[in-house]
Structures are given as structure tokens and as C-alpha cells.
Amino acid sequence: EYSHIQGTRWNKNVLTFRIGRYTRDLRHSVVDSLIESAFSVWARASGLTFVRTNSHNADIMVEFVTYAHGDFYPFDGPRGTLAHAFGPGMGTGGDTHFDDDERWSAGAAGYNLLVVAAHEFGHALGLRHSRNPESLMYPTYKAFRPANLLSREDVANIKALYTPLKVN
Ligand SMILES: CC(C)C[C@H](CC(=O)NO)C(=O)N[C@H]1Cc2cn(c3ccccc23)CCCCCCNC1=O
Ligand SMILES: [Ca+2]
Ligand SMILES: [Zn+2]
Ligand SMILES: [Zn+2]
């Protein structure tokens, strides 16, 4: 939800991401696949490509952190705020942080990492919150049926932002 301090969209259509600190709630391989699935949701709708890297200058840094963690938006312990992401841009642009005081899950227990990551990556690509409770970009958590994470509005919004892209 910090896209107001970054650019409106990325001006390249291949974006790199790196997963830094992991949660202890899930095996690394499960976190990796849920994060990749969340990116693929947006890749299909936007035409963007997401490439995983281990280099420290990835466009999108993904981390599990608690309380104060180096930006001006400390987390708040269990419940409350679950995660946040910066809008497109250099440096912290696109970076996505998950509150590791939450119970992260690949299913219905705790908070579903795929659903939350997909919401956050919407911000990382430049989307703001939606007032439509059906939208993935609605500001409060709802356990969606993973089959249809993106509402028609979400698809329309990401296409409006990226489809005209002619850069490189
Ligand atoms: C959309 C989500 C994936 C990311 C958003 C944050 C966000 O928009 N990130 O980009 C989030 O964490 N929303 C809170 C909003 C919220 C709900 N309550 C709160 C109580 C205190 C603080 C915040 C909240 C009431 C109690 C329920 C608390 C647990 C669920 N929390 C939420 O739904
Ligand atoms: Ca929290
Ligand atoms: Zn949000
Ligand atoms: Zn943060």
C-alpha cells in the first residue's frame, strides 16, 4: 500500500525476485512454490515475466520479518497487519515483507501465503487497494478459493497498467 511513494509501474517486462529470510511455518520448497504461484497469477494477466535470482539487486525482495525490520513500517505481532509491499521503483521498490508473527499456511489454517502474496505482488506491480470486497486488492484478508484469485476488476486494472507496454 506504499505505491504512493514509488512510480506508477515498472518500465520493463522481466522482473527478478529474491526470497531472503524464510518463515519457519513452511518448508522452503513450499514457500518457493507458493511465491512462484502468486507471481504467475499476475504474469498471466499482465504479460510480465518473473525470474527468481539469488543476486542482492533483485527488483523484488521477498522476506519474512517481525516488528521493526529496517523500513518505516514495523510489523505488529500476531494478527493485525499481515504483510506489506512497496510500489514499483528502484531500491525498496517492489519489496514485499510478510509478518512472521503470523501463522503462514499452504491451506486453510492460519493465513494462506498464496492469497496474501498475490495481494502484495499486486502492490509491487503498482496496484492500489480496491473498495470491492470481491477484489484481491481489498484491504482485509479473506481466504479465497485459489481457483479464482483475481477478480475481473483486478485483471482489468493490471491490463490497464501494463498491456500498452512497448518498452524493450
Ligand atoms: C489484505 C491482507 C492480505 C494485507 C493487509 C495489509 C495490506 O494491505 N498489505 O498490502 C492486512 O494485513 N489487512 C488486515 C486489516 C486488519 C483487519 N483487522 C485489523 C486489526 C488491526 C490492524 C489491521 C487489521 C481486524 C482483525 C483481523 C486481523 C487479521 C487480518 N488482518 C487484515 O485483514
Ligand atoms: Ca501482524
Ligand atoms: Zn494491501
Ligand atoms: Zn517492511
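All of these numbers come straight from a predicted model, not from anything done at the bench. Start at 1 and go down the list; that is how both ligands and their atoms are numbered.
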Inset, instruction - Looking only at distances, please establish whether an N/O atom of ligand 1 is found under 3.5 Å from an N/O atom of Thr81. - result: no
Legend entry - Modelled atom types, side-chain donor and acceptor of Arg79 and Tyr141, under 3.5 Å: no
Inset, instruction - Could you check whether the rings of His69 and Phe75 sit parallel, tilted or perpendicular, using 30° and 60° as the cut-offs? - result: parallel
Legend entry - Distance-only donor-acceptor check, side chains Thr23 and Asp100, under 3.5 Å: yes
Inset, instruction - For His123, counting its heavy atoms only, list the atoms of ligand 1 lying under 4.0 Å from any of them. - result: 10 (O)
Legend entry - Partner of Leu136 under side-chain contact (heavy atoms from CB on, under 4.5 Å), chosen from Val155, Leu150, Asn148: Leu150
Legend entry - side-chain hydrogen bond (donor to acceptor under 3.5 Å, both in side chains) partner of Thr16, chosen from Asp59, Asn54, Thr53, Thr49: Asp59
Legend entry - Polar atom proximity, His84 to ligand 1 (N or O, under 3.5 Å): no
Legend entry - From the candidates Pro78, Pro139, Ala118, the one that places a heavy atom nearest atom 15 (C) of ligand 1: Pro139
Legend entry - Minimum-distance N/O/S atom that His129 presents toward the Zn ion (ligand 3): NE2
Inset, instruction - Give a yes/no on ligand 1: does Ala85 have at least one heavy atom closer than 4.0 angstrom to it? - result: no
Inset, instruction - Give the name of the N/O/S atom in Glu102 that lies closest to the Ca ion (ligand 2). - result: OE2
Inset, instruction - Give yes or no for whether the N/O distance cutoff of 3.5 Å, strictly under, is met between Asp76 and ligand 1. - result: no
Legend entry - Short N/O/S contact of His123 with the Zn ion (ligand 3) (below 2.8 Å): yes
Inset, instruction - Using distance alone, decide if ligand 1 has a nitrogen or oxygen within less than 3.5 Å of any nitrogen or oxygen in Val116. - result: no
Legend entry - Heavy-atom side-chain contact between Thr96 and Ile35 under 4.5 Å: no
Inset, instruction - Kindly confirm whether the Ca ion (ligand 2) is within less than 3.0 Å of some N/O/S atom in Gly80? - result: no
Inset, instruction - Counting heavy atoms only, name the option from His129, Glu120, Glu102 that's nearest to atom 4 (C) of ligand 1. - result: Glu120
Inset, instruction - Could you say whether the N/O atoms of Tyr141 and ligand 1 ever approach to under 3.5 Å? - result: yes
Legend entry - Side chain to side chain, Asp71 and His84, heavy atoms closer than 4.5 Å: yes
Inset, instruction - Could you go through the ring pair (Phe, Tyr, Trp, His ring centres under 6.0 Å) check for Phe64 and Tyr22 one step at a time? - result: CA-CA 5 Å; Phe64 291 80; Tyr22 281 78; 7.0 Å; no
Inset, instruction - For the pair Trp42 (side chain) and Ala118 (backbone), establish whether a donor and an acceptor sit closer than 3.5 Å, ignoring hydrogens and angles. - result: yes
Inset, instruction - Using distance alone, with no hydrogens and no angle criterion, decide if Ser29 and Asp32 have a side-chain donor and acceptor under 3.5 Å apart. - result: no
Inset, instruction - For the Ca ion (ligand 2), decide whether Asp76 has an N, O or S atom at a distance under 3.0 Å. - result: yes
Inset, instruction - Select one of side chain, backbone, both or neither to describe which atoms of Tyr111 lie under 4.0 Å from any atom of ligand 1, heavy atoms only. - result: side chain
Legend entry - Contact atoms of ligand 1, heavy-atom distance to Ala83 under 4.0 Å: 6 (C), 7 (C), 9 (N), 10 (O)
Legend entry - Backbone of Gly107 reached by a side-chain donor or acceptor of Asn112 within 3.5 Å: yes
Inset, instruction - Would you mind reporting whether Phe50 and Glu36 have side-chain heavy atoms less than 4.5 Å apart? - result: no
Inset, instruction - Take the Ca ion (ligand 2) as the vertex and measure to O of Thr81 and OD2 of Asp99; round to 10°. - result: 90°
Legend entry - Metal check, the Ca ion (ligand 2) vs Phe75 N/O/S, cut-off below 3.0 Å: no
Inset, instruction - Taking the Ca ion (ligand 2) as the vertex, measure the angle between atom O in Arg79 and atom O in Gly77; round to 10°. - result: 90°
Inset, instruction - Pull out every atom of ligand 1 sitting under 4.0 Å from any heavy atom of Tyr138, numbered as shown with elements. - result: 1 (C)
